[in-house]
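Working notes, structure below.
So that the names make sense, note that chain A is the first sequence line, chain B the second, and so on, each numbered from 1.
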There are 8 protein chains.
Amino acid sequence: MSTFNIDHQREGRVGFPEIIYGRSKDIESIKLILQEYKSQGKNAMITKLQSEKAHQLQEIYSSSFYDPIAEIFMLEPITEQEPGKDIAILSAGTSDLFVVNEALHTLSFLGHTPQSFQDIGVSGIHRLMSRLEQLRVFKVLIVIAGFEGALPTVTGGLLPQPIIAVPTSVGYGVAEGGTVALQTMLASCANGITVVNIDNGYGAAVAALRILNTFKK
Amino acid sequence: MSTFNIDHQREGRVGFPEIIYGRSKDIESIKLILQEYKSQGKNAMITKLQSEKAHQLQEIYSSSFYDPIAEIFMLEPITEQEPGKDIAILSAGTSDLFVVNEALHTLSFLGHTPQSFQDIGVSGIHRLMSRLEQLRVFKVLIVIAGFEGALPTVTGGLLPQPIIAVPTSVGYGVAEGGTVALQTMLASCANGITVVNIDNGYGAAVAALRILNTFKK
Amino acid sequence: MSTFNIDHQREGRVGFPEIIYGRSKDIESIKLILQEYKSQGKNAMITKLQSEKAHQLQEIYSSSFYDPIAEIFMLEPITEQEPGKDIAILSAGTSDLFVVNEALHTLSFLGHTPQSFQDIGVSGIHRLMSRLEQLRVFKVLIVIAGFEGALPTVTGGLLPQPIIAVPTSVGYGVAEGGTVALQTMLASCANGITVVNIDNGYGAAVAALRILNTFKK
Amino acid sequence: MSTFNIDHQREGRVGFPEIIYGRSKDIESIKLILQEYKSQGKNAMITKLQSEKAHQLQEIYSSSFYDPIAEIFMLEPITEQEPGKDIAILSAGTSDLFVVNEALHTLSFLGHTPQSFQDIGVSGIHRLMSRLEQLRVFKVLIVIAGFEGALPTVTGGLLPQPIIAVPTSVGYGVAEGGTVALQTMLASCANGITVVNIDNGYGAAVAALRILNTFKK
Amino acid sequence: MSTFNIDHQREGRVGFPEIIYGRSKDIESIKLILQEYKSQGKNAMITKLQSEKAHQLQEIYSSSFYDPIAEIFMLEPITEQEPGKDIAILSAGTSDLFVVNEALHTLSFLGHTPQSFQDIGVSGIHRLMSRLEQLRVFKVLIVIAGFEGALPTVTGGLLPQPIIAVPTSVGYGVAEGGTVALQTMLASCANGITVVNIDNGYGAAVAALRILNTFKK
Amino acid sequence: MSTFNIDHQREGRVGFPEIIYGRSKDIESIKLILQEYKSQGKNAMITKLQSEKAHQLQEIYSSSFYDPIAEIFMLEPITEQEPGKDIAILSAGTSDLFVVNEALHTLSFLGHTPQSFQDIGVSGIHRLMSRLEQLRVFKVLIVIAGFEGALPTVTGGLLPQPIIAVPTSVGYGVAEGGTVALQTMLASCANGITVVNIDNGYGAAVAALRILNTFKK
Amino acid sequence: MSTFNIDHQREGRVGFPEIIYGRSKDIESIKLILQEYKSQGKNAMITKLQSEKAHQLQEIYSSSFYDPIAEIFMLEPITEQEPGKDIAILSAGTSDLFVVNEALHTLSFLGHTPQSFQDIGVSGIHRLMSRLEQLRVFKVLIVIAGFEGALPTVTGGLLPQPIIAVPTSVGYGVAEGGTVALQTMLASCANGITVVNIDNGYGAAVAALRILNTFKK
Amino acid sequence: MSTFNIDHQREGRVGFPEIIYGRSKDIESIKLILQEYKSQGKNAMITKLQSEKAHQLQEIYSSSFYDPIAEIFMLEPITEQEPGKDIAILSAGTSDLFVVNEALHTLSFLGHTPQSFQDIGVSGIHRLMSRLEQLRVFKVLIVIAGFEGALPTVTGGLLPQPIIAVPTSVGYGVAEGGTVALQTMLASCANGITVVNIDNGYGAAVAALRILNTFKK
């Protein structure tokens, strides 16, 4: 009896397929799971996959894709597309790149074409202010920040769209691990902001998809 | 010079007016703020207002509205409307009523007509399962739970809409204060769920509004 | 004077022998302890033993057993048996395998034959629902989950047996280390669930043994 | 549409009826819930019900029962019975009485007759040692302690039965709220102990019931 | 032997007198301490003094001053002065008034004349942006905020002066008690901000004084 | 069968009698416990007894003693004695008086005559420095402080005796509840300091007694 | 479109240039950022840069500077200068050297010449007391300590200048990570001390600069 | 000017010399400090020194001593002596050996000859009970435990001497890092126990020395 119960009905049920969490799985289990996907002719995505494991998979699947910054693996790479006007991904600093990339790759995998606005944190607030008109056209904003995590609050006070805030584990001292950024976003005085787990670029992408899927049909 | 800077442009900027947080404000400040709203002919809503303060305000504004369970005050009551099909509010138990009501009143104040599904927590999961078809028609789900906070996870695995999860401070021991429910929702294995602060029915309502405002125009 | 006081009367007193905790012991101490067991003709089990130390022991004891996923070492391997109907081990995802295996090996070492049901987490709840009748025959359920840890709650609302919930350290962000899963299980609205320490598959196995030992005699 | 979904099938499903959590419910909701029980001719139990609310209910239901120490309310009192030999409740100190009583009343309500052994904490260990033979006959031990919570550990090293450990919020300084007692019990070096939430005498009682129900049939 | 050791040399040593912390002192001790100040012809200030204690003192010292919002007591009131250009006190919301007042009264007591800019939090950022030129002339900025505490970060990215950030205990859920605001300020990406304890308007005032005393002589 | 197991052999075993913890005990239990002491002609001490309970006891035992600051009750008052040279109690501020008194009363009850040095905290370090010779003669130092809790560290770097550090719950913001003072004392760079629980003046007194009892015989 | 938005106006706005946080940036991003600085003929400083990354940069920029203790990198080294009388850096122990050096290098980079006083912690308080006159001449004191972090408190009670306290992550057990030192400094009974994040020597340097810039012009 | 301020008067002041904390010091600083000791003809001890650093020192000082389990380094080894009757070191399990050894080496370095009783944890309580008479003769007990840390509580209820409890970082899940053991010891219902920091065998040794030094002269 196989010990894997891949949830192949998930896409029909909730609008997106099961995606594999890589960090805690042993390499043998991952190989078996990919085999099942491959044998069904499906693409598969693995999040938070350490590079040592990825290298072992790339030896088996030579056309597969791996981004070592985001730690994202895909059985088949996705062809890059022109950014569209549905989803904008804002981030506070260059250090947040790994979470930006996780959101970008997830949305590509799910058939979307987000646009990213990086390095626009609030310690130099003109970087956000000068892009307000550009940002106003998007349907959903994913806003990513580490350290004190203030970017979603300021954005939420200036723009009316749904805002999915993503705290990152970037920072040290009290900011180590991302708890401060998370709690700042939850406690924000700019109302109507919603939040996902620390470093969860993937979850933010799926939350954006739930909104678009519901309203675009 | 007045020390109040009511943000009268907020509605134009982000699509909903400033709402007053009542818990930490002294009664004299609240009275002055209400005077300014009244003098402009505007309705005003105060959240988390203790009953002693509310009673003092009701002596001044005899037609005002106060719900002691939700601790919500409004200068002018909102006429109740038939529930619509935009927003459903799910809650795990009767103890979560104060947060359900905060979300309900906020959405009424902002011109919406949510429908609520109470007492459908996962320890008796048939209560949720038997309502799936009914729930599938709504555009946004606000899902409220205290204690272990598992309701949004199970809902998120069964339904495709945007889910705004609200942890409540209902519970004791490790659940005291709502931190467990909050973290459960953030860590949920049912992807694409977003979360607001503990007991923040108001914030969940505004987050739903951001989605509806963006897509309904 | 030896500095080891192996508790050889434990089995007589509480029904199961002393088992060795490997993570913090230096290799020289472990070798001396195993010598004492060997010299008495007894099998011995070590939990949470890092692979580097295990390899040193396997050079001495060539017929010994080591599972690198569960980090379990035994002086003598246990012959695998057909699964019985006393204990079922349920787990939410493939990432929880190391704890599942710790429980399985411990129960084998103690003479029991549990059956495992893996990868049946609540984000695809049909995986649990479709196995309810199969699960109803077992005397004790060990239910293992990481991330938000909701599986024991849903199981506890559907099945009447004793449930020993085991949180795992699988997860990231707020779920890092397993504290959220632990607290979710403690705060569960599905009553009568009991809980052991994070990643403590061994303790859950012994708790099941205490129940079976008491009632099977 | 009633907003209450009392889970009347729970007893059939898991072997014990739904019990009402009183602390966070408003009095009007509680009255409506009791009406539903009363109208069906069923007894009902409410846990952690503050005395002010209890007094309002006792005015309606004059034959009802309320224990202000345990904060337990029952629509109909249970006739006291001779203690049996199934369940023993051990507690460390007189301060733990409110949790002892919660477990006692719950078991009475569910048809059991536990025996209690109070004030036998480990700072005077002869109080436990001298009762070992007496304790050995019981099928399940519920062990309750606050402060440093060491009683379940010592008991677990001496007796072979299933042990359900209940931490209490008794203590001050680092022990305030019961977290130390909880974690001590989870980290216990005496294996096979299981734990419930802080002050959860009710949950411990139901856990004992799950064991007895499974094996006594 | 008196048990009080009032530090009468403090002003000579560090530039400001000892000030009395009121919250945890019993009323008899406070009365004795005030007697010693009175007998030396000195004014005295007590911080965080509950109103019940203040009323007892006001019965003895009829010309004394008490602000129930800031919980500040002074043996002799300070004559109000025109605001100067040394210290500006910025605050995010009306709820922070009690900390603003503590800083204001302390600086008055120490001979300074700060100016306050209230209710200019970042969810309506134009309220800060429109005052930048006005704020640029001050020598020291005390910046007070609760909830997510983002105001010092935004201010620090826009203005060059020394910034003393004061988190307040205003907020609920994760923001309860002020820890989030505190940590946000410590983790701020706007560099060179310094921070004092939660609700410590008094400490911020003294920190400003240390700067002015050092440079104004 | 009585539910109380007063540990009458404790004095013989460890050198001091059982003392009653009052905060969490219900008044009926306390009355029964005191009756047992009274009936054996023994004095009894209760720590952390709220004043409402104390007043009920004083109505029964008119010659009893109660200090509302320390919340200490004794069946029979202890005659005050001249301070001796065995134990000195140092404290940082007047706010720590309730813990100083708990230690003083406990030592009196146990037959000792400590001397106290109050209000000598390190923000005015001359208050400690000027008493060094006076302090050098004592056999044991109990050092009590709240807020940042630095007094034991400075004392420990200057004096060679055994130092029992007692953190107090005096303080606000991060210092609320005494955890900072506790951790400061545990982390002290002045070596050989030992620590007891927050506000545990009683435990510090007994720790001093253990030292004196062992060496004075 | 470049994804970097280097804040070249920062110096004009707040008096100091943007400085690069190195720990979480990938090496390719860092190289691109340095290229932009280099191409503009500007020096650049990177904080908390791991040695592996620094070595890669030193291969490109052979005249660059790297201090492996402070983990500070500069494109161009700064010529060492005689210490001046503006800023003194005090530190408790030799273990705090990495934070001392971060502050020293930052101030050098910004054109200042601080003087350092190392290894003067309070467990040997004569080391501080004997330097009081020497310290009294400086305009700003940066005071650095790990473990229990008491040095700023004692310094603040003895000297009148602005004190910027820096907790370090030096310590183990409860002191691991620096939280105790941080909280001690925030809770200090020596008033008017301000605090920056753990290990934030850089932020303390900038805070000192803000003071000097404001008053020296 | 040297940056080291070795506290050579410490022994005269408090009865024991300064000892060097090794974990956070860079190797160059350590070498310079040892040089100073060597040049004065003094022995020196370093605690918590990582093995890589120790090996570098052993290349310079070929007759030096290093214990890799305790991570203790001494310039000159101490000749082993017969155990005396002043200090007993009790420990719960073999995993605690590194802390036992730290206390043993420290006491040897300071001229004392403790005796150790290892592996006598409370899950097999006969191991402690059978040694009570042997233990009763010692003047001071150092009691070391990880996991749930119950050994000092049980010991303190049975023996009258001063007890210095040392929590260790041995354990996993909630016990990871030693916080549970620490808090258990602080919250102990066995009164008069004092506690030092987690893994602080060195501090416990010095605390014992303070007692012996005070009473043995």
Side-chain angles (χ1 to χ4, degrees), chain C residues 7 9-19 21 47 106 110 132 136 138-142 155-167 179 182-183 185-198 200 202-217, chain D residues 7 9-19 21 47 106 110 132 136 138-142 155-167 179 182-183 185-198 200 202-217:
Chain C
D7 186 1
Q9 303 84 356
R10 186 169 299 181
E11 187 146 18
R13 221 167 54 236
V14 294
F16 50 89
E18 184 165 8
I19 277 174
Y21 174 68
T47 61
T106 303
L110 298 171
L132 284 184
R136 203 178 296 280
F138 290 90
K139 295 296 188 199
V140 179
L141 306 179
I142 293 174
T155 309
L158 292 163
L159 289 167
Q161 296 104 311
I163 291 177
I164 300 161
V166 191
T179 307
L182 169 67
Q183 294 186 329
M185 294 169 185
L186 288 165
S188 175
C189 58
N191 309 117
I193 290 172
T194 61
V195 187
V196 297
N197 196 6
I198 298 162
N200 194 5
Y202 160 64
V206 176
L209 193 81
R210 283 179 177 265
I211 295 174
L212 294 173
N213 278 357
T214 298
F215 288 92
K216 286 299 176 79
K217 55 194 174 188
Chain D
D7 186 1
Q9 303 83 359
R10 186 167 298 179
E11 186 146 18
R13 221 167 55 237
V14 296
F16 50 89
E18 186 166 6
I19 278 174
Y21 174 67
T47 61
T106 304
L110 298 169
L132 284 183
R136 203 177 296 280
F138 290 91
K139 294 297 187 199
V140 180
L141 306 179
I142 293 174
T155 309
L158 291 164
L159 289 168
Q161 297 105 311
I163 291 177
I164 300 161
V166 191
T179 308
L182 169 66
Q183 294 187 329
M185 293 171 186
L186 287 165
S188 175
C189 58
N191 310 116
I193 290 172
T194 62
V195 187
V196 296
N197 196 7
I198 298 161
N200 193 3
Y202 161 65
V206 176
L209 193 82
R210 283 179 178 267
I211 296 175
L212 293 173
N213 278 357
T214 298
F215 287 93
K216 285 300 176 77
K217 55 194 175 190

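- Using a distance-only test at 3.5 Å, with no hydrogens or angles considered, no donor-acceptor pair links the side chain of C/Arg210 to the main chain of D/Val140.
- Per-residue heavy-atom pair counts under 4.5 Å with chain D were compared for C/Ile163, C/Asn191, C/Asn197, and the maximum is reached by C/Asn191.
- Note that the CG atom of D/Leu158 and the CZ atom of C/Arg10 stand 10.5 Å from one another [nearest 0.5 Å].
- At a 4.5 Å heavy-atom cutoff, C/Tyr21 makes no contact with chain D through either its backbone or its side chain.
- Taking chain C as the reference chain and counting heavy-atom pairs below 4.5 Å, the highest number among D/Gly156, D/Gly203, D/Ala205 is found for D/Gly156.
- When each of C/Thr194, C/Val206, C/Val195 is checked for a side chain to side chain contact (heavy atoms under 4.5 Å, CB included) with D/Thr194, only C/Thr194 meets the rule.
- Test D/Asn213, D/Ile211, D/Ile164 against C/Pro162 for side chain to side chain contact (heavy atoms under 4.5 Å, CB included) and you get one pass: D/Ile211.
- Between D/Leu182 and C/Leu186, some side-chain heavy-atom pair lies under the 4.5 Å cut-off.
- Residues meeting the side chain to side chain contact (heavy atoms under 4.5 Å, CB included) test with C/Ser188, sequence neighbours left out: C/Thr153, C/Ala190, C/Ile193.
- A pairwise comparison of heavy atoms in D/Arg136 and C/Arg13 identifies NH1-O, 4.5 Å as the closest pair.
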